[in-house]
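Here is how names work: the chains are called A, B, and so on, in the same order as the sequence lines, proteins then strands, and each is numbered from 1.
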Amino acid sequence: MEYSSKSIETKWQKYWQEHKSFEPSEDFSREKKYILSMFPFPSGRLHMGHVRNYTLSDAFARYYRQQNFNVLHPIGFDSFGMPAENAAIKNGSHPKSWTYDNIDYMKNEFASLGFSFSKERELATSDELYTKFEQGFIIDMYEKGLLYRKKGMLNWCPHDLTVLANEQVVDGCCWRCDTPIVKKDMNQYYFKITEYADELLADLDKLESGWPKQVLTMQENWIGKSNGLAFDLYFDDTSKTKLSSNFESFDVFTTRPDTIYGVSYTALAPEHAIVSYMIENKLLSSDVVAQIEAMKNSSSIERQKEKSGVALGLDVIHPLTGEKIPVWVANFVLMDYGSGAVMAVPAHDERDFDFAKKYDLPIKAVIKPFDGELNPEAAYTEVGELFGSSEFDGLNSKEAQAKIIAHFQAQNIGKKTTNYKLKDWGVSRQRYWGAPIPFIHCEECGLVMEKKENLPVALPSDVEITGEGNPLEKHPTWKHCKCPKCGKDAVRETDTMDTFVESSWYFLRFCASKTNWEKEAFSAEQIKYWMGVDHYIGGIEHAILHLLYARFFTKVFRDLGYLEFDEPFERLLTQGMVLKDGAKMSKSKGNTVDPDALIEKYGADTARLFILFAAPPTQELEWNDSAVEGAYKFIKRFHDRAFTHLYATDVIPSIDHTTLNKEEKFARKKVYEALARANEVYNERYTFNTMIAGVMEAMNALNAQSNKDVWTEAYWIMASIMEPVIPHVAWEISEQFFGRKNLAPQAVIDEVFEEDSITLGVSINGKRRTEIEVAADASNEEIILIAKEAGAKWLEGMSIVKEIVVPKKLVNIVVKG
RNA sequence: GCCUGCGUGGUGGAAUGGUAGACACGACGGAUUCAAAAUCCGUUAUCUUCGGAUGUGGCGGUUCAAGUCCGCCCGCAGGUACCA
């Protein structure tokens, strides 16, 4: 029987569909596994990153089904978002039809890859039913005080009269019309994620056993909790007069109060209120104003790279020394961290140092290393001993920090403060293709929530997407409505929501079954059974934003009484990207590989096998056409040899190991080694590449013998191990020979690993010189004796210092002479 | 700029502090074939005076032992709050 991917794959895909093989059971007494891969944006076609993502989750889902778990492995589409509007601008397509056409196409691609998704829970976040429940949650959050309005700076194109995403700003200009963008202060909605900053930070501990350390560290740094001193810097009299006494002082925050005697200038963010006041009141030269405007309009990343600044011609008084300190504006000072102002200590901070060097500002060192000299050509940012700091001289940094904070508190001129880098989450978008924020502006009543029974507030379909203005704002009728409170004429909010809102709760929606799909987002009972997600799999690019927002929503939902746990994702697997020719696959680079073409030529099993074999999941994966060919050849061999060497049976053959010859024993050992490795891979390591290599080794060993019992036993196990990877061919073999009885848990037997003798490496001074063969039960003394004989050549004239035996590995003899 | 990773043969990678290069691709040699494809078997880190020497981005350190742990440097990638 020749291997034909097409006939086997069509057969089993049809079977799975007809038998609804992958729908989870509603029997909540069974043990469950919730396997989730991050759902895709429906960009049109699957790319290899998707194939990798869903092949991984599918492998887990299929493995746990074999282990008799009740498995939920759902799929949906994160279908709101900017690309649908970009396509509309480019091709005149409607975002909705563009999106749903793409979804239809991608669903077929999923099916052709043999992914074992539960189809009955499929959803698109742009479905009105999804929007309805989401808008309900938004209203709940507003009522709980977790959603509020404030001004925020946005990229504005003065030509197209539209807000631009960061991605749509190319070299400081609009992507469509090339007009230089400006920052515009506009009313925005924000989630109060900062209220949960401490809990989001503390609960990272609960994730330690299941999440990669890398992601935990990234989130910890992103939240960026730091303790320090906040105090006011007061202007001198001349400066106060300049400001017409509108400002007396400004607030600064430092994590290094021990360096306070080293302050030699202070810097404000370009957006700081004092700076704005000076611009408005023409207190700055036009040249200075132009420099400040340029700082404001450049991106935050640019502002951190090339430091620039300008003096304001103001001075403040040092709170402890009474010295005059100049006030500057600096581009690297950010308005949304701390108070938008910093005290600068160039001797002990890199950024302050670079800035001081560039503008020739004084550098005053006040900390020296506990041992060694202070280098005047660099900032010394470590802790050390204070000098030039009056009464605090001689203290170490840690003591000085506590004492200086205490001094400020006692004098009532400053206080101990905690700051976070984490900012509140801006959720409003001035775009069409998103979930409308279900609020109404009434002249009488102010901001009013839409009534829940009127949800969803749905998008109008008759819109023109041009890239100019805000489509909902421009729509002739959509925004006009009656106030739900007083009944008078009112207008709807025309902002829609950030698409991260949809992806912050979709994993909860998947817990709902068809029985309550229409009437509620999910039931408490369903959530309790299915959550948390046992394996969550997705790209490392989501390490911070998506995963932090989903954690935040979970905690908010808990506090709203919808669920009873703190964290949504038990175990997280972050996959690396798929590269070709050393670069990320992308249309613009023209280095994409189309999954459809691959499936057409080799079949889904080959695509899946290659992608799992080529690299461990967390690592970047380099595409290689000839290695794909190799994967295909392996599957063909795997299939064809089954049909030449096996007999049919519905129980695993029982074999008397002692009667076997050397090759047969070795083959069995390799098979059970592969099984032991597979168990480890599925449960702990997730390195499918090594699991597959183990099966290949077993195949090579099997090939050196011809015992049909050994072959049949091997396939009983190997088809089970490989089913999650190459399900179609595995089901075919299982069906043909084992009545599919082997797709079940497999037990490792120990007798195949028993050996009479073992080989050990012999090292002299850590350098491998030779090897020895010893009895498996030889004592260390015997082993050392044999090792010394074998290594006599290198031991001549040397005196032995130490002898180390590493069981079953090697002997190291340390000599000198 | 900042935060987080990664760097091993011609290539993808293995090695859970203990014999570096498993497994695979490619290449080379052979078998089969009228011939080719397919298939099967074998060789394959580098240098070598054939004794051995060198070797995991670079420099240094810890250890009996380092690809693995620590420090600094170089290169690449992801994130950087309106791409998802």
Side-chain angles (χ1 to χ4, degrees), chain A residues 38 40-41 43 78 81-83 86 152 154-155 163-169 188 212-215 217-222 224 299-307 332 336 350-351 354 421-431 498-500 503 539-546 548-549 574 576-577 579 582-584 610 613-616 618-631 633-634 636-637 640 680 684-685 687 689-690 692-697 700 703 759-763 765-771 801-804 806-814:
Chain A
M38 293 179 185
F41 176 81
S43 53
D78 190 14
M82 220 174 48
N86 291 346
L154 301 177
N155 300 314
V163 173
L164 298 177
N166 291 337
E167 191 187 54
Q168 295 173 316
V169 179
Q188 298 286 289
K213 197 159 173 33
Q214 175 190 11
V215 176
T217 310
M218 285 164 85
Q219 292 218 351
E220 185 182 333
N221 292 335
W222 184 260
S299 77
S300 64
I301 292 171
E302 283 307 309
R303 282 170 60 168
Q304 300 301 314
K305 280 186 189 164
E306 181 62 40
K307 291 167 195 69
F332 64 84
D336 39 27
E350 306 251 0
R351 288 188 308 183
D354 292 347
K421 283 207 188 84
L422 183 67
K423 300 184 284 194
D424 276 342
W425 170 13
V427 280
S428 40
R429 299 289 181 269
Q430 294 66 43
R431 278 190 265 281
D498 179 4
T499 58
F500 275 124
S503 53
I540 184 67
E541 66 272 21
H542 297 291
I544 295 174
L545 294 181
H546 161 61
L548 193 68
Y549 293 155
T574 49
M577 291 186 313
L579 309 180
K584 185 177 178 172
F610 167 74
F613 181 58
T618 55
Q619 204 166 305
E620 287 170 348
L621 185 152
E622 176 70 31
W623 193 263
N624 181 331
D625 285 324
S626 53
V628 174
E629 183 87 29
K633 285 182 191 168
F634 173 78
K636 187 171 154 51
R637 256 194 321 271
D640 294 350
E680 206 182 324
E684 295 159 45
R685 279 160 55 78
T687 49
N689 55 327
T690 61
I692 295 162
V695 174
M696 288 175 170
E697 284 179 53
N700 291 343
N703 223 29
T759 306
L760 299 179
V762 177
S763 294
N765 283 348
K767 182 160 187 60
R768 186 183 179 277
R769 289 298 181 181
T770 182
E771 62 182 33
V801 180
K802 203 169 180 180
E803 292 147 344
I804 295 147
V806 182
K808 295 185 173 133
K809 299 275 184 185
L810 57 76
V811 182
N812 189 18
I813 299 170
V814 185

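For B:G51, the base adopts the syn conformation, since its glycosidic angle falls within 90 degrees of zero.
Following rounding to the nearest Å, A:Lys636 (NZ) and B:A37 (C1') show an atom-to-atom distance of 12 Å. In this structure, A:Arg768 atom CZ and B:G52 atom C1' are separated by 14 Å, rounded to whole Å. When rounded to the nearest whole Å, the span between CG of A:Asn86 and P of B:A84 equals 9 Å. One can place CG of A:Asn700 at 15 Å from C1' of B:U39, the figure rounded to the nearest angstrom.
Looking only at side-chain heavy atoms (C-beta outward), A:Val215 and A:Ile540 come within less than 4.5 Å of each other. Between A:Ile804 and A:Ile813, the closest side-chain pair of non-hydrogen atoms is not below 4.5 Å. Side-chain contact check for A:Phe610 versus A:Asp625: every heavy-atom pair is 4.5 Å or farther apart. At a threshold of 4.5 Å between non-hydrogen side-chain atoms, the residues A:Asn765 and A:Val814 count as touching. You'll find the side chain of A:Leu154 reaches within 4.5 Å of the side chain of A:Gln430, heavy atoms only. With a 4.5 Å cut-off on side-chain heavy atoms, A:Met82 and A:Glu167 count as touching. Side-chain contact check for A:Tyr549 versus A:Ser503: every heavy-atom pair is 4.5 Å or farther apart.
Contact annotation: side chain of A:Gln188 to base of B:C82, donor-acceptor pair present below 3.5 Å. Donor-acceptor pairing under 3.5 Å, judged by distance alone, is present between the side chain of A:Arg431 and the base of B:C82. The base of B:U16 is paired with the side chain of A:Glu680 by a donor and an acceptor separated by under 3.5 Å.
Here the side chain of A:Thr759 is nearest to one of B:G12, B:C82, B:U19, namely B:U19. In the set B:U19, B:U80, B:G26, the nucleotide with an atom closest to the side chain of A:Ser626 is B:G26. The side chain of A:Glu622 sits closest to B:G12 out of B:A14, B:U80, B:G12. Of the candidates B:G13, B:G1, B:A77, B:G1 carries the atom nearest the A:Gln304 side chain, counting heavy atoms from C-beta on. The nucleotide whose nearest atom lies closest to any side-chain atom of A:Lys633 is, among B:U39, B:A24, B:G79, B:U39. Of the listed nucleotides (B:C40, B:A84, B:A14), B:A14 has the atom at the smallest distance from the side chain of A:Pro616. Here B:C82 is the nucleotide among B:C82, B:U19, B:U80 with the atom lying nearest to any side-chain atom of A:Leu154. Taking only side-chain atoms of A:Leu545, from C-beta outward, the nucleotide of B:A81, B:G18, B:U4 with the closest atom is B:A81. With B:G79, B:G18, B:G1 as the choices, the nucleotide that has an atom nearest any side-chain atom of A:Glu541 turns out to be B:G79. The listed nucleotides are B:G18, B:C23, B:G1; the one nearest the side chain of A:Lys305 is B:G1.
Regarding contacts with the backbone of B:U80, every side-chain N or O of A:Asn221 stays at 4.0 angstrom or more from both OP1 and OP2. Contact between the side-chain N/O atoms of A:Arg769 and the OP1/OP2 oxygens of B:A53 is found at a separation under 4.0 Å. Regarding contacts with the backbone of B:A81, a side-chain N or O of A:Ser300 is found under 4.0 angstrom from either OP1 or OP2. Put simply, A:Asn624 has no side-chain N or O that comes within less than 4.0 Å of OP1 or OP2 on B:G13. Dashed line: the shortest gap from a side-chain N or O of A:Gln168 to OP1 or OP2 of B:C82 is not under 4.0 Å. Applying the 4.0 Å criterion to OP1 and OP2 of B:U80, one finds that A:Asn166 has every side-chain N and O outside that range.
Using C1' as the reference atom, B:A31 and B:G7 are 41 Å apart when rounded to the nearest Å. With both ends at atom P, the span from B:U49 to B:G30 equals 26 Å, rounded to whole Å. Nucleotides B:G9 and B:A27 place their C1' atoms 13 Å apart, quoted to the nearest Å. Using C1' as the reference atom, B:G1 and B:C64 are 44 Å apart when rounded to the nearest Å. Nucleotides B:A24 and B:C41, compared at atom P, are 11 Å apart to the nearest Å. Only the P atoms considered, B:U8 is 15 Å distant from B:A15, to the nearest whole Å. If you take atom P in B:G10 and the same atom in B:C47, they sit 9 Å apart, rounded to whole Å. Nucleotides B:A37 and B:G51 place their P atoms 39 Å apart, quoted to the nearest Å.
No donor-acceptor distance shorter than 3.5 angstrom exists from the side chain of A:Gln619 to the backbone of A:Pro616, with no hydrogens or angles considered. A donor-acceptor contact shorter than 3.5 Å links the side chain of A:Ser299 to the backbone of A:Glu302. Between the side chain of A:Asn155 and the main chain of A:Leu164, a donor-acceptor pair closer than 3.5 Å is present. A:Asp78 places no side-chain N or O within 3.5 Å of a backbone atom of A:Pro40 that could act as its donor or acceptor partner.
No contact: A:His546 has no heavy atom under 4.0 Å from any strand. Residue contacts for A:Met218: at a heavy-atom cut-off of 4.0 Å it reaches a base atom on one of the strands shown. Contacts of A:Phe613 with the nucleic acid, taken as non-hydrogen atoms under 4.0 Å apart, include base atoms. As judged by a 4.0 angstrom heavy-atom cut-off over every strand, A:Ser428 is placed among the base-contacting residues. Among the heavy atoms of the strands, none lies under 4.0 Å from A:Gly576. Across all strands shown, A:Met577 has heavy atoms under 4.0 Å from sugar-phosphate atoms exclusively, and none from any base. Residue A:Lys808 is classed as having no contact, given no heavy-atom separation below 4.0 Å to the nucleic acid. As judged by a 4.0 angstrom heavy-atom cut-off over every strand, A:Ala543 is placed among residues making no nucleic acid contact. Using a 4.0 Å heavy-atom criterion, one finds that A:Val163 contacts the bases of the nucleic acid, with or without backbone contacts as well. Within the 4.0 angstrom heavy-atom criterion, no nucleotide atom of any strand lies near A:Asp424. Across all strands shown, A:Arg685 has heavy atoms under 4.0 Å from base atoms, whether or not it also approaches the sugar-phosphate. Across all strands, A:Phe634 comes closer than 4.0 Å to no nucleic acid atom at all (heavy-atom distances). Heavy atoms of A:Asp354 sit nowhere under 4.0 angstrom from any nucleic acid atom.
Counted by atom type alone, A:Ser626 and A:Asn624 present one or more donor-acceptor pairs between their side chains at under 3.5 Å.
Under the 4.0 Å criterion applied to side-chain N and carboxylate O atoms, A:Arg303 and A:Glu306 are not assigned as salt-bridge partners.
Nearest-nucleotide positions on RNA chain B place A:Leu760 closer to the 5' end than the other of A:Leu760 and A:Lys802. Each of A:Gln430 and A:Val215 has a nearest nucleotide on RNA chain B; the 5'-most of these lies closest to A:Val215.
Ring geometry for A:Trp425 against A:Phe500 counts as perpendicular: the plane angle is over 60°, on a 0 to 90° scale with 30° as the lower cut.
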Read 5' to 3' with Watson-Crick or G-U pairs under 3.5 Å, [ ] for crossing pairs and | for partners on another strand, RNA chain B gives (((((((..(((.....[....)))((((((.......))))))(((....)))..(((((..]....))))))))))))....
B/S/- along nucleotides 65-73 of chain B (protein heavy atoms under 4.0 Å) is S--------
